[in-house]
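Working notes for the structure below.
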Amino acid sequence: MQDYFLSIKSLKVDYEQKGEPVTALDAVNFSLNQGQRGVIIGPSGCGKSTLISVLAGLNSHYSGQVLIGGKPPASGGETALILQDFGLLPWKTVWDNVILGLRLRKKNTGEIKTAAETVLEKLGLGSLGKRFPAQLSGGQRQRVAIARALVLEPKLLLMDEPFSSLDALTREELQDFLLEIWEETKLTILLITHNIEEAVLLGQKILIMSPCPGQIQQEVENSLAGASHLRGEVQFLEMCSFLRSFLRGRAHDAASA
Amino acid sequence: MRQALKKSGGTISLLFSVIILLAGWWLLALVLNSPAVPPPLGALKCFLASLRGDLSIHLGVSLYRVLVSLMLAAVLGVPLGILLGKNPDLDARISPMIYLTYPVPKVVFMPIFLILLGIGDISKIVLITLIIFYQILVTTRDAAKNLEKGYISSVRSLGGGSRDLYLHVFLPGCLPSILTSLRLGLGTAMAVLFLAETYATQEGIGFFIMDSLSRMNYEEMFAGIIAMGLMGFFLYIILDKTEKLLCGWVHL
Ligand SMILES: Nc1ncnc2c1ncn2[C@@H]1O[C@H](COP(=O)(O)OP(=O)(O)OP(=O)(O)O)[C@@H](O)[C@H]1O
Ligand SMILES: [Mg+2]
């Protein structure tokens, strides 16, 4: 039996809406190897963010088994979370945003300074430390969010639609950037997206979710992942339409049901 | 450069407003030709003279009452407002009580406070605090409630506990609203202060004004009005500067 870094078995999450229980996730099973990039794609409301919040240790009201590096999820541990917007605190400068995690971990000042300087320099943000998030472009903002995650040296990087609000070019730039970071760190990454091309580009393992309640409908091993030079090439587009047919089919089933 | 221009522009328009105000007052005094509205020059002279006399003592007392009240109201209203804002269940239980008592004009309790707390500073401070407290409580609660959930999840995911959320998310996130409600509350506080000081007391600007009135010394009365106006103005400026200083990120 293989030892996975991230393993999820029979995960079920219920919410309460107006006193009624609503099942957001049911019987979710999947796993990722250490250093693998997983991408979750699925229609709106199928429970992707719910899944991420469980993994980030923000929602402990779940049943089933979730193990990250052999341990149940916990916030402030070895998992870092990046959100679409509103992840950075607008009242803190870039610098203060980046060091927040280290401060909360009670690291000493010297250590914090060195770590933050190194990360900001590496991500090309060295000169932006004094700015507020509102003074950055969307792309820069997400770079800062990545810096804030990386400075904690996490083992698992969770990203909830990190590039959704970016324009196409910036989005591609950051996708490549994420791949570079992965090459260097070999982090385990789980990323949520609505964008099929993004899934094909980034996901070594693509997990297609279906709604009501959210389940993993299909797991696709994707050999094209990471090949950003293939963007727009025939095999790439074929893979995209393959995924699209799955997502469509599901929507069709739902409509006819 | 641009900032300097903006700043000098502010000073100029302020000067301009003062001139217009004084001119209007002077015209009014001219038209009314009544001892109850003396022209500004005499009133200003009297104001400066009274400052060297007992007006400054009254001013000090009033300032003390307003400052302590505002501070108390903030110290009580902000944490409670945040607590309610971040706990919808608690809020649902408490807010009916707030809505029931919020519209009741608290000044009607002044006689009771006078009886229970005496005619000294405490009854006045409690009254003003109570009124401002409600405004701060409600504003802070709404601000906390409407904070983006993403800020909360991201700080929690970084390992932040409840205290960290207060310190890094709720307090700074609500601060602009808190300071706005304090600025609005200041006007109310001054009005209530005046009312409270015209009643069973020998101290404060309210007393000074009413006392001058009863002696039909209208110039002195206007000196008191000027003092009250300037006090409000300076408190307002202080709050405004504090907001600029602490909430720089809002004014980018
Ligand atoms: N805090 C909550 N309380 C009650 N119900 C919730 C809560 N959060 C999510 N839900 C419900 O759970 C389901 C899944 O929501 P979730 O946010 O995980 O979906 P999602 O796949 O991330 O959607 P999107 O693609 O729009 O971001 C939805 O039906 C949603 O209404
Ligand atoms: Mg979502």
Side-chain angles (χ1 to χ4, degrees), chain A residues 16 49-50 52-60 73-94 96-107 130-136 141 144-145 148-152 154 156-162 165, chain B residues 2-3 78 81-82 85-93 139-140 142-182 239 241-252:
Chain A
E16 200 167 301
S49 298
T50 301
I52 287 275
S53 74
V54 168
L55 295 179
L58 301 179
N59 181 356
S60 51
S75 62
E78 291 168 334
T79 305
L81 174 66
I82 295 177
L83 303 170
Q84 177 181 353
D85 304 297
F86 310 121
L88 298 176
L89 302 176
W91 42 86
K92 286 188 188 287
T93 59
V94 166
D96 288 334
N97 265 293
V98 169
I99 67 169
L100 182 58
L102 296 169
R103 270 181 70 193
L104 295 180
R105 273 152 222 222
K106 309 270 185 292
K107 292 275 190 309
K130 289 207 177 71
R131 293 214 197 161
F132 286 99
Q135 294 169 309
L136 303 177
R141 234 174 280 159
V144 174
R148 184 173 72 177
L150 291 184
V151 80
L152 300 171
L156 174 64
L157 183 58
L158 302 169
M159 307 176 92
D160 193 349
E161 300 185 40
S165 41
Chain B
R2 235 172 83 190
Q3 224 145 37
V78 170
I82 292 178
K86 65 187 273 211
N87 297 305
D89 293 342
L90 189 66
D91 186 39
R93 228 164 288 158
T139 317
T140 310
D142 293 348
K145 218 190 233 170
N146 294 330
L147 266 185
E148 275 305 330
K149 299 289 170 284
Y151 303 145
I152 299 163
S153 352
S154 70
V155 172
R156 277 183 63 205
S157 81
L158 292 173
S162 179
R163 220 191 107 238
D164 302 311
L165 283 178
Y166 251 98
L167 209 63
H168 296 290
V169 181
F170 286 106
L171 203 54
C174 297
L175 200 56
S177 310
I178 293 168
L179 285 166
T180 303
S181 74
L182 268 175
L239 282 175
K241 292 278 178 234
T242 311
E243 206 256 350
K244 294 253 157 61
L245 193 74
L246 296 180
C247 308
W249 58 278
V250 181
H251 309 278
L252 296 173

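Quantities reported herein were computed from a predicted structural model and do not represent experimental measurements. Note on naming: letters A, B, ... go to the chains in the order of the sequence lines (proteins, then strands), and numbering restarts at 1 for each one.
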Can you see which heavy atom on B:Ser154 is nearest to which on A:Gly87, and at what distance?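 What the structure gives for the nearest pair is OG-O, 2.8 Å.
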Hey, mind stepping through A:Leu104 and B:Val155 against side chain to side chain contact (heavy atoms under 4.5 Å, CB included) and telling me if it holds? CA-CA 9 Å; A:Leu104 295 180; B:Val155 172; 4.2 Å; yes
Can you tell me which portion of [X] sits under 4.5 Å from chain B's heavy atoms? Options are side chain, backbone, both or neither.
X       : answer
A:Leu88 : backbone
A:Leu58 : both
A:Thr79 : backbone

Who among A:Gly101, A:Ala134, A:Pro90, A:Ser75 has the most heavy-atom pairs with chain B under 4.5 Å?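 Result: the option with the highest number of such pairs is A:Pro90.
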Nearest-0.5 Å distance, CG of residue A:Leu83 to NZ of residue B:Lys149: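 With rounding to 0.5 Å, CG (A:Leu83) is 13.5 Å from NZ (B:Lys149).
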Reported CG-to-CD distance for the pair A:Leu89 and B:Glu148, which is rounded to 0.5 angstrom: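 These two atoms lie 12.0 Å from each other.
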Side chain to side chain contact (heavy atoms under 4.5 Å, CB included) between B:Leu158 and A:Arg148: does it pass, once the steps are laid out? CA-CA 9 Å; B:Leu158 292 173; A:Arg148 184 173 72 177; 4.0 Å; yes
Let me know if B:Leu147 has heavy atoms under 4.5 Å from chain A in its side chain, its backbone, both or neither.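 The answer is the side chain of B:Leu147.
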Among B:Gly248, B:Ser157, B:Gly150, B:Gly161, which residue has the highest count of heavy-atom pairs closer than 4.5 Å to chain A?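 Between B:Gly248, B:Ser157, B:Gly150, B:Gly161, the count favours B:Ser157.
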In terms of heavy-atom pairs under 4.5 Å with chain A, which of B:Gly159, B:Pro172, B:Gly160 leads?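 Looking at each option in turn, the highest pair count goes to B:Pro172.
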Working note: B:Val169 + A:Trp91, criterion side chain to side chain contact (heavy atoms under 4.5 Å, CB included); need CA distance, chi angles, decisive distance, verdict. CA-CA 9 Å; B:Val169 181; A:Trp91 42 86; 4.2 Å; yes
Tell me whether A:Arg105 at atom CZ has more than 12 heavy atoms from other residues, nucleotides or ligands lying less than 6.0 Å away.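 Yes.
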